[in-house]
S.K.: 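Submitted below is the structure of interest, expressed as structure tokens.
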Amino acid sequence: HEIKGVEWSQLEELANKEHEIALKITAEKDSKTSINSNILLFNLKRTKEIIEQTISKPVSTIFYPIKSNFDESINSIKNAGYQFVCTEAKNTTVTYNQYNLQPINAWLYTPSELDSIIHNGKGKWQQFKFTNFSKKDFQEIHKDLSESTNLINPDLLDQEIRLLRNADYWVAPISAVGKYMIEKNASEIKFIIHNNIIFLTVRNNLSHDFNQPLTIAYSTSHKKVKISDSFADGIYDVREGVIYLHAFPNKEVQIEILD
């Protein structure tokens, strides 16, 4: 039994299934050690390029260790092209765009405890952390290693993932949530009405990298509408007077009243 690293082909497979591949820095030096910004910038940028060339997907997020001097490193991180930075300083995940997410170490809780946390967190942004998956027999043989590396076996992971799915959360990686939060605060809704069609646009001046669909709650007394040019087009029955549509930034969505 041994811990094996993930191979490039496995990373590519995960990326193709819409999982986010992020860079994580390991802290080996004392936090007081000065960092050469030029060397750090080169390493961060080159590593990002290698990963992106291999998986053919952008790398937007970096996880930075608590022990490292975050303040000294932030400019190098920005200049290397990372959009979101997470570090567990003072029990918060900090991003340099100043949107904070509370990390919840899911492996520390039983399924019933996690279920309570999930339901009490309705209406909030939450980050659930699962690390170092392993088979159950590995954990039993290497008990000391399991405790020090926060190993979680697949059976428990499946239970906890089902809890998240059944709670009707929007489950997304850091970069998607980060983009959503930035877009939400930088956007405004513009619309015009012509006959039975509403032409709606979520406008902002952000770069094209910010392409995360935003959820719009449309209240109406009508019973059926047709949504076009959104993230999820189709004909929908209006329930309880509200329908939710997902609009890409700066792209017009059409809401046609059918009934």
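Just so you know, residue 1 is the first one in the sequence shown, and it goes up from there.
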S.K.: Out of curiosity, Asn205 CG to Asn250 CG, how far, rounded to the nearest 0.5 Å?
M.R.: 7.5 Å
S.K.: Is a side-chain donor or acceptor of Glu20 paired with a backbone partner of Ile174 at a separation under 3.5 angstrom?
M.R.: yes
S.K.: Tyr109 side chain to Ile117 main-chain N or O, any donor-acceptor pair under 3.5 Å?
M.R.: no
S.K.: Would you say Tyr169 and Ile161 are hydrophobically clustered, going by side-chain heavy atoms of ILVMFWY under 4.5 Å?
M.R.: yes
S.K.: May I ask you to test the Leu214-Phe231 pair for a side-chain heavy-atom distance under 4.5 Å?
M.R.: no
S.K.: Measure across Ala217 and Tyr244 and return the closest heavy-atom pair with its distance rounded to 0.1 Å.
M.R.: CB-CE2, 3.6 Å
S.K.: For Gln10, does the CD atom have more than 12 heavy-atom neighbours from other residues, nucleotides or ligands under 6.0 Å away?
M.R.: yes
S.K.: Looking at Phe248, I want to see if its CZ is surrounded by more than 12 non-hydrogen atoms of other residues, nucleotides or ligands under 6.0 Å.
M.R.: yes
S.K.: Within the distance-only criterion (no hydrogens, no angle test), does the side chain of Gln212 pair as donor or acceptor with the backbone N or O of Glu183 below 3.5 angstrom?
M.R.: no
S.K.: With clusters defined by side-chain heavy atoms of hydrophobic residues (ILVMFWY) lying less than 4.5 Å apart, directly or transitively, does Ile192 cluster with Ile255?
M.R.: no
S.K.: Has the side chain of Tyr82 got a donor or acceptor atom that lies under 3.5 Å from a matching backbone atom of Leu44?
M.R.: yes
S.K.: Which heavy atom in Glu18 sits nearest to a heavy atom in Lys57, and how many Å separate them?
M.R.: OE2-NZ, 4.1 Å
S.K.: Quick check: is Ile197 connected to Ile189 through a chain of hydrophobic side chains (ILVMFWY, heavy atoms under 4.5 Å apart)?
M.R.: no
S.K.: Using side-chain heavy atoms (C-beta onward) and a distance below 4.5 Å, is Val253 in contact with His246?
M.R.: no
S.K.: As an exercise, state the distance from CZ of Phe199 to CD of Glu256, rounded to the nearest 0.5 Å.
M.R.: 9.0 Å
S.K.: List the residues meeting side-chain hydrogen bond (donor to acceptor under 3.5 Å, both in side chains) with Asp233, not counting sequence neighbours, and say none if there are none.
M.R.: Ser230
S.K.: Are more than 12 heavy atoms from other residues, nucleotides or ligands located less than 6.0 Å from atom CZ of Phe42?
M.R.: no
S.K.: Quick check against the 3.5 Å criterion: does Lys226 have a side-chain atom that pairs as donor or acceptor with the backbone of Leu258?
M.R.: no
S.K.: Roughly how far, to the nearest 0.5 Å, is CG of Leu41 from CZ of Arg46?
M.R.: 13.5 Å
S.K.: Minimum heavy-atom separation for Ser76 to Ser37, with atom names?
M.R.: OG-O, 3.3 Å
S.K.: Going by the rule ring pair (Phe, Tyr, Trp, His ring centres under 6.0 Å), which residues pair with Tyr180 if we only count those two or more places apart in sequence or in a different chain?
M.R.: Trp125, Trp170
S.K.: In Å and rounded to the nearest 0.5 Å, what is the CD1 to CG distance from Ile227 to Leu245?
M.R.: 5.0 Å
S.K.: Hey, are the side chains of Lys48 and Leu23 touching, using non-hydrogen atoms and a 4.5 Å cut-off?
M.R.: no
S.K.: Does Asn166 CG have over 12 foreign heavy atoms under 6.0 Å away?
M.R.: yes
S.K.: Testing the basics here: between Phe84 and Ile182, what is the closest heavy-atom pair and its distance to 0.1 Å?
M.R.: CE2-CD1, 3.9 Å
S.K.: Might you work through the side-chain contact (heavy atoms from CB on, under 4.5 Å) test for Met181 and Lys184, ending with a clear yes or no?
M.R.: CA-CA 5 Å; Met181 295 168 79; Lys184 180 176 181 291; 5.8 Å; no
S.K.: Is there a side-chain contact between Lys224 and Asp237, using heavy atoms and a 4.5 Å cut-off?
M.R.: yes
S.K.: Once rounded to the nearest 0.5 Å, what's the spacing between atom CD of Glu160 and atom CG of Leu163?
M.R.: 7.0 Å
S.K.: Kindly write out the residues that satisfy side-chain hydrogen bond (donor to acceptor under 3.5 Å, both in side chains) with Ser187, not counting sequence neighbours, or none if the list is empty.
M.R.: Asn204
S.K.: Step by step, work out the side-chain contact (heavy atoms from CB on, under 4.5 Å) result for Val171 and Phe128.
M.R.: CA-CA 10 Å; Val171 180; Phe128 296 92; over 6 Å; no
S.K.: Between Asp115 (side chain) and Pro111 (backbone), is there a donor-acceptor pair under 3.5 Å?
M.R.: no
S.K.: Would you call Glu49 and Lys45 a salt bridge, taking side-chain N to carboxylate O under 4.0 Å as the test?
M.R.: no
S.K.: Given Glu252, which of Thr201, Leu200, Val202 fulfils the side chain to side chain contact (heavy atoms under 4.5 Å, CB included) condition?
M.R.: Thr201
S.K.: Would you compute the distance between atom NZ of Lys179 and atom CG of Asp209 and round it to the nearest 0.5 angstrom?
M.R.: 6.0 Å
